[in-house]
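Note that this is a predicted model, so its numbers are computed, not measured.
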Protein chains: 2
Amino acid sequence: MGIQERKTRHKEDLRKRILEAAKKLFVTAGYEATSIRKIAQEIEFSPTTIYLYYKDKSDIIYALHQEGFLMLRQDFQPLMQVESPYERLKAIGKCYLRFGMTHPDFYEVMFMMKDPMKYLEIHCVDGEWAEGERVFDLLLQTIRDCQQDGYFKGLDTIEVAVQAWSSVHGLCSLYVSGHLRNMMEVVLDTNEQEAMVEKAFRVFVHYLELTK
Amino acid sequence: MGIQERKTRHKEDLRKRILEAAKKLFVTAGYEATSIRKIAQEIEFSPTTIYLYYKDKSDIIYALHQEGFLMLRQDFQPLMQVESPYERLKAIGKCYLRFGMTHPDFYEVMFMMKDPMKYLEIHCVDGEWAEGERVFDLLLQTIRDCQQDGYFKGLDTIEVAVQAWSSVHGLCSLYVSGHLRNMMEVVLDTNEQEAMVEKAFRVFVHYLELTK
DNA sequence: AAATTTAAAGAACAGTGTTAACCTGTGCAA
DNA sequence: TTGCACAGGTTAACACTGTTCTTTAAATTT
């Protein structure tokens, strides 16, 4: 049935077009400005049509959430080739920071907003955050490798991983939310927060080096 | 003019009652559920009356933002008596974490939401985030004291402070947003994230100890 | 050709922040 | 005492939001 195929393909196509329109609005105008009606206007369909392809708005932003994780994993992939575990760990940290700073909107959806996490709790069985798990596993494995090289002696792998994640996430989220910027303007009157993020990261790396 | 006084006092009173109603809704139902109309219903006034006392909604949430910083500073105050700078630093970190975990809604407004920061940019001259500055100064001074005791040798005070802030903020925000919870459920099937926050904090403290 | 399924749209509901226009009672000067 | 200005408060309305119910129109199947 070639007709059936073409129809389902067309349907998948529209589903994709909705997501593309949502992403366009999302990255240009931010989450606040991304409404169902504006998405509909973008693809020249009725707002209600969107509900034939996505359950609700949180379903769409969850799709973006997943797309963000795909991007992040693709950024991470080449780093897995780095042989030295510790250098790999540093590279992961740097890469994570760069991702957050170059895609602040995606970072917000992926790691800061409550909505996508609530979506998981409601729609999935329980905590089926596969995308997050995959990325975290990369971190876990790298830290395990570091421990075999003598780093993080006597420390629990998971605890080290959560702490490391918190540190880089803390920098990213303070950057994305604008809190770092405001603090910088007050403490030292500069708005070169990018430089400060890098410097703070280096301080963290300095701490890690002491564990060997 | 006793009458004039009573009137202005009554006006101040209503301004306070609006904020109290907003806070009540805020802590019981979260930010999302705190609407102008619901606040008005709570104080049994018309929604438009609120606009006679607050410029707009962001003005109200900024007031809550400030109130949160007042609470945090009050929590911090007794810690300033701790003589040992390093013990004081640890106490500040613990206190910050506890604040975020016991008042997640306030923490969100104070350190995670973009709105209050944007309010500052628009309404004030430029970066007049006095409340944040005060708290950060406490951290800065404590780290300076630590450095005199031999900690953080060869490191920049501000960079150390930003890094420390990022680390505890990272833990808090992952906790508040629910991301830590979801990750915990996947990696190790437990939802005792409070314990994990504490453990990750101890790992961080362990790092800091190595700088001496 | 008739019946049925399907995609899309229209209208509407309940909610949001916010503004302009309109009362309505109080205080004061003529 | 009358007229007036002004404060505090409300009503109605605008322009949005996400979402659902009902309806239309086209395509497919019988």
Side-chain angles (χ1 to χ4, degrees), chain A residues 1-19 21-23 25-26 29-65 109 113-116 118-119 122-123, chain B residues 1-19 21-22 25-26 28-65 109 113-116 118-119 122-123:
Chain A
M1 301 290 174
I3 301 165
Q4 202 66 280
E5 255 181 55
R6 199 199 58 209
K7 279 189 84 178
T8 59
R9 198 170 52 220
H10 177 263
K11 198 168 177 180
E12 280 303 310
D13 194 56
L14 189 46
R15 204 181 136 85
K16 222 167 208 169
R17 275 175 60 202
I18 290 168
L19 197 64
K23 202 199 323 188
L25 285 167
F26 185 72
Y31 170 74
E32 300 281 281
T34 307
S35 73
I36 298 282
R37 281 175 169 84
K38 280 182 190 162
I39 296 169
Q41 200 175 339
E42 191 74 28
I43 58 169
E44 291 179 300
F45 273 86
S46 165
T48 53
T49 303
I50 292 173
Y51 286 87
L52 300 173
Y53 298 87
Y54 289 95
K55 219 192 106 354
D56 51 22
K57 195 187 176 180
S58 80
D59 198 359
I60 297 172
I61 79 146
Y62 182 68
L64 288 173
H65 170 104
V109 154
M113 280 175 51
K114 290 158 119 183
D115 308 42
K118 278 191 179 168
Y119 175 86
I122 296 166
H123 293 81
Chain B
M1 300 287 176
I3 302 165
Q4 204 64 279
E5 256 182 53
R6 199 199 57 210
K7 282 188 84 173
T8 59
R9 197 168 54 218
H10 172 71
K11 196 166 175 180
E12 281 303 309
D13 194 57
L14 188 48
R15 204 181 137 85
K16 222 168 209 168
R17 274 175 60 202
I18 290 169
L19 197 63
L25 285 168
F26 185 72
T28 56
Y31 171 72
E32 299 282 280
T34 307
S35 73
I36 298 280
R37 281 174 169 84
K38 279 181 190 163
I39 296 169
Q41 200 175 340
E42 190 74 28
I43 58 169
E44 292 179 299
F45 273 86
S46 166
T48 51
T49 304
I50 291 171
Y51 286 87
L52 301 173
Y53 296 88
Y54 289 93
K55 218 190 107 358
D56 52 22
K57 194 186 178 183
S58 79
D59 198 0
I60 297 173
I61 79 146
Y62 182 67
L64 288 173
H65 171 104
V109 154
M113 279 175 51
K114 289 159 121 182
D115 308 41
K118 277 192 180 168
Y119 175 86
I122 297 165
H123 293 80

>> Rounding to 10°, can you tell me the angle the first-five-pair axis of the helix from C/dA1-D/dT30 to C/dA30-D/dT1 makes with its last-five-pair axis?
In response: 40°
>> Under the criterion side-chain contact (heavy atoms from CB on, under 4.5 Å), I'd like the reasoning laid out for B/V109 against B/F26: C-alpha separation, chi angles, the key distance, then a yes or no.
In response: CA-CA 10 Å; B/V109 154; B/F26 185 72; 3.2 Å; yes
[X] has an atom [atom1]; how far is it from atom [atom2] of [N], in whole Å?
| X | N | atom1 | atom2 | answer |
| --- | --- | --- | --- | --- |
| A/I50 | C/dA7 | CD1 | P | 16 Å |
| A/I43 | C/dA9 | CD1 | C1' | 13 Å |
| A/Q41 | C/dA9 | CD | P | 13 Å |
| B/R15 | D/dG9 | CZ | C1' | 17 Å |
| A/I39 | D/dC16 | CD1 | P | 16 Å |
| A/K55 | D/dT19 | NZ | P | 8 Å |
| A/L52 | C/dT5 | CG | P | 18 Å |
| A/Y62 | D/dG18 | OH | P | 21 Å |

Would you list the protein and nucleotides 14-17 of chain C atom pairs, both N or O, that sit under 3.5 Å from each other?
| residue | atom | partner | partner atom | Å |
| --- | --- | --- | --- | --- |
| C/dT16 | OP1 | B/S35 | OG | 2.8 |
| C/dG17 | OP1 | B/I36 | N | 3.1 |
| C/dG17 | OP1 | B/K57 | NZ | 3.3 |
| C/dG17 | OP2 | B/I36 | N | 3.0 |
| C/dG17 | N7 | B/R37 | NH1 | 2.5 |
| C/dG17 | O6 | B/R37 | NH2 | 3.1 |

> Of the candidate nucleotides C/dA7, D/dT10, C/dA9, which contains the atom at the shortest distance from the side chain of A/F45?
Replying inline: C/dA9
Tell me the closest heavy-atom pair linking [X] and [Y], and the distance in Å.
| X | Y | result |
| --- | --- | --- |
| B/R17 | B/I43 | NH2-O, 3.4 Å |
| B/A22 | B/T34 | O-CG2, 3.9 Å |
| B/P47 | B/I36 | O-CG2, 3.8 Å |

> Does NZ or CZ of B/K38 come closer than 6.0 Å to the centre of the six-membered ring of B/F45, within 45° of the ring's axis?
Replying inline: no
> Does a distance-only test, which skips hydrogens and angles, find a donor-acceptor pair under 3.5 Å between the side chain of A/T48 and the base of C/dA9?
Replying inline: yes
> Can you check whether A/T49 has a side-chain N or O nearer than 4.0 Å to OP1 or OP2 of C/dA9?
Replying inline: yes
Inter-residue atom distance [X].[atom1] - [Y].[atom2], 0.5 Å rounding:
| X | Y | atom1 | atom2 | value |
| --- | --- | --- | --- | --- |
| B/E44 | B/T49 | CD | OG1 | 12.5 Å |
| A/T48 | A/R37 | OG1 | CZ | 10.0 Å |
| A/Q41 | A/S46 | CD | OG | 12.0 Å |
| B/I50 | B/K55 | CD1 | NZ | 14.5 Å |

> More 5' along DNA chain D: A/P47 or B/E44, using each one's nearest nucleotide?
Replying inline: B/E44
> Contact class for A/Y53 vs. all strands (heavy atom < 4.0 Å): base, sugar-phosphate, or nothing?
Replying inline: sugar-phosphate
